[in-house]
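What follows is a short report on a single structure.
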Amino acid sequence: MSEDQHMGNLYQRFPVTIEKGVKAHVWDTDGKEYIDCMGGYGVALVGHQNQRVNNAIKEQVDKIITVHSSLYNKTREEFLKKLIEIAPEGLTQVHLNNSGAEAVEAAMKFARKFTGKKGMVAMKGSYHGKSFGALSLTFNPKYRKSFSPLVEKVSFSSFGDIESLRSVIDEDTAFIILEPIQGESGIVVAPDGFLQDVRKLCDEKGILLIFDEIQAGLGRTGRLWAGEHWNTIPDILCLAKGIAGGIPMGATLVRPDILSSISKGEHSSTFGGNPISCAAGLAALTTITEDGLIENSKKMGEIFREGLEKLKEKHTMIREIRGKGLMIGVEMKFEVRDILMGLIQEGVLMLYSGRNILRILPPLVIEEEDVTKVLHALDIVLTREEEKRNVQG
């Protein structure tokens, strides 16, 4: 039975059926091994079959699986303690939910309630999710056009342009939301000084600053928080993806005065903060902060970037390489579908952004040997593509 018979045509699919994974490797049902540079779209931060996470889940299953937040739970308490311990300064309150989109939805509601204002500003090139509120803050028209009208009072500013941002805010602007490094649009890194300027602008105008670090946070960029690269702390921080080692979880971190503006019953989540997610989350955060994953992300990212720059010198198909840590984009001069299929043949799984950008988001446990193999495979595939284009040309 094919999944496609029942799941509809909702996903861009590749002809690989994954059965198991270990660290930065996965295997299909035929036993073929792949180096995983997809990482579940950035979810597999701590690697597949991480023993801390696996053991925590097994232990929790034998205790209890679900405890609604109307009751207390020690596993949840321990996870929250760890999360606040590593959180950016001042973000000491948390709403636990189940996904990145939910984390953004909560941030929107909290910001509007706290400020009493309705205006919202996001960035051109942004991606914040596909639920109605999050979609309203997502820029790409291909996601938006079929579902209009979306939430009102949303404006978009050019990413990296503080004057553009000044031009779209007004007295009714409740918040500005941005990704310090835009993921979906192709790993676009905030220019130096921009986040500091946005922070200053928000402070001057009484506007809340929200960082979406759903993809860029938790060590992905070689720092625990992407905002650290620019010494900037938001008022609200949205997290998800790898926060619980692959178990669904989202979290919205806020200043205490912001969350205290929300009355009981105004926002909640049935599954948010369930013990399974919290057990996995505690194990994942411990792995990230105590097992050298942040340092490895920085080191392996540098090796990746150096190798990619060499490939750029060799292959004219490569236009630009950008990113930080193990959040890397390779912009090509042509569509990348055939390149991705070629990489699959060579035993590498990789993502894309749009039509012409390769997106590299491997587990933070990836080793130098794997990086070398990925670079070699990409060299082979690009050489093959160039030869094919030369023949066709």
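Excluded from the calculations below are hydrogen atoms, water molecules and symmetry mates; all remaining heavy atoms, backbone and side chain alike, are included.
A distance-only check finds a donor-acceptor pair linking the side chain of Lys32 to the backbone of Gln345 [under 3.5 Å]. A distance-only check finds no donor-acceptor pair linking the side chain of Asn97 to the backbone of Gly272 [under 3.5 Å]. With hydrogens and angles disregarded, a donor-acceptor distance shorter than 3.5 Å links the side chain of Thr252 to the backbone of Ala103. In this structure, the side chain of Thr29 does not engage the main chain of Glu19 through any donor-acceptor pair within 3.5 Å. Using modelled atom types, no side-chain atom of Asn296 and backbone atom of Gly292 make a donor-acceptor pair closer than 3.5 Å. Between the side chain of Arg220 and the backbone N or O of Glu213, no donor-acceptor pair lies under 3.5 Å. Side-chain N or O atoms of Lys117 include one that pairs as donor or acceptor with a backbone N or O of Thr173 at under 3.5 Å. Side chain of Ser126 to main chain of Ala122: no donor-acceptor pair is present (N/O by atom type, distance under 3.5 Å, no hydrogens or angles). Side chain of Ser297 to backbone of Leu293: no donor-acceptor contact under 3.5 angstrom is found. Judged purely by atom type and a 3.5 angstrom limit, Arg319 has no side-chain atom pairing as donor or acceptor with the backbone of Glu331.
Rounding to the nearest 0.5 Å gives a distance of 4.5 Å between CG of Leu137 and CE of Met108. Taking OG1 from Thr115 and CZ from Phe175, the interatomic distance works out to 8.5 Å, rounded to the nearest 0.5 Å. Separation of atoms NE2 (His95) and SG (Cys238) is listed at 10.5 Å; rounding is to 0.5 Å.
Connection of Val154 to Val198 is not established within any shared hydrophobic cluster, with ILVMFWY side chains joined at heavy-atom distances below 4.5 Å, either directly or through further cluster members.
Residues Leu308 and Val330 have side chains in contact (heavy-atom distance under 4.5 Å, counting atoms from C-beta outward). Residues Pro88 and Leu237 are in side-chain contact: their nearest non-hydrogen atoms beyond the backbone lie under 4.5 Å apart. Within the 4.5 Å cutoff, side-chain heavy atoms of Ile18 are placed close to those of Leu349. Looking at heavy atoms from C-beta onward, Val26 lies out of side-chain contact with Ile35 at the 4.5 angstrom threshold. Side-chain contact check for Ser69 versus Phe271: every heavy-atom pair is 4.5 Å or farther apart. Considering only heavy atoms from C-beta on, Arg144 comes within 4.5 Å of Leu135 through its side chain. Within the 4.5 Å cutoff, side-chain heavy atoms of Met38 are placed close to those of Phe14. Taking 4.5 Å as the limit, some side-chain heavy atom of Leu351 sits within range of a side-chain heavy atom of Leu361.
Side chains of Asp370 and His25: a donor-acceptor N/O pair is present below 3.5 angstrom, by distance only. Thr232 and Arg199 are not linked by any side-chain donor-acceptor pair at a separation below 3.5 angstrom, with hydrogens and angles left out of the test. Judged purely by distance below 3.5 Å, without hydrogens or angles, the side chains of Ser260 and Asp257 never pair a donor atom with an acceptor atom. Between the side chains of Tyr127 and Asn140, no donor-acceptor pair is found at a separation under 3.5 Å. Between the side chains of His229 and Asp192, not a single donor N or O lies within less than 3.5 Å of an accepting N or O. Between the side chains of Gln182 and Ser185, at least one donor N or O lies within less than 3.5 Å of an accepting N or O. Glu102 and Ser131 share no side-chain donor-acceptor pair at under 3.5 Å.
Within 6.0 Å of the NZ atom in Lys113, the count of heavy atoms belonging to other residues, nucleotides or ligands exceeds 12. Atom NZ of Lys333 has more than 12 heavy atoms from other residues, nucleotides or ligands within 6.0 Å. Atom CD of Glu290 is surrounded by more than 12 heavy atoms from other residues, nucleotides or ligands within 6.0 Å. Taking a 6.0 Å sphere around NE2 of His376, one finds it holds 12 or fewer heavy atoms contributed by other residues, nucleotides or ligands. Within a 6.0 Å radius of NZ in Lys82, more than 12 heavy atoms belonging to other residues, nucleotides or ligands are found. Within a 6.0 Å sphere centred on CZ of Arg355, other residues, nucleotides and ligands contribute 12 heavy atoms or fewer. For Glu204, the CD atom is densely surrounded, since the number of other residues' heavy atoms within 6.0 Å is greater than 12.
The minimum heavy-atom distance linking Ile357 with Val336 is given by the pair N-CG1, 3.8 Å. Heavy-atom minimum distance, Thr316 versus Glu386: N-OE2, 3.5 Å. Across all their heavy atoms, Val348 and Tyr34 have their closest contact at N-CD2, 4.0 Å. Taking each heavy atom of Phe156 and Thr138 in turn, the nearest pair found is CZ-O, 3.8 Å. Pairing each heavy atom of Ile176 with each of Cys202, the nearest pair is CD1-SG, 3.7 Å.
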Candidate pair Lys118 and Glu152, rule salt bridge (charged side-chain N to carboxylate O under 4.0 Å, His left out), full reasoning: CA-CA 9 Å; Lys118 303 293 187 286; Glu152 298 179 348; over 6 Å; no
Salt bridge (charged side-chain N to carboxylate O under 4.0 Å, His left out) between Lys299 and Glu368, intermediate numbers included: CA-CA 9 Å; Lys299 181 179 178 181; Glu368 185 171 354; 5.1 Å; no
Worked verdict on Leu253 versus Gln93 for side chain to side chain contact (heavy atoms under 4.5 Å, CB included): CA-CA 6 Å; Leu253 280 62; Gln93 299 286 288; over 6 Å; no
Verdict with reasoning, Glu295 to Lys298, per salt bridge (charged side-chain N to carboxylate O under 4.0 Å, His left out): CA-CA 5 Å; Glu295 295 80 6; Lys298 183 177 185 294; over 6 Å; no
Check against side chain to side chain contact (heavy atoms under 4.5 Å, CB included), Leu259 and Val94: CA-CA 8 Å; Leu259 198 58; Val94 184; over 6 Å; no
Arg322 vs Glu320, salt bridge (charged side-chain N to carboxylate O under 4.0 Å, His left out): CA-CA, chis, key distance, verdict: CA-CA 7 Å; Arg322 50 186 180 257; Glu320 185 181 10; 2.8 Å; yes
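For Phe110 and His267, the distance between ring centers is under 6.0 angstrom.
Both tests pass for Lys130 against the ring of Tyr143: distance under 6.0 Å to the centre and angle within 45° of the axis.
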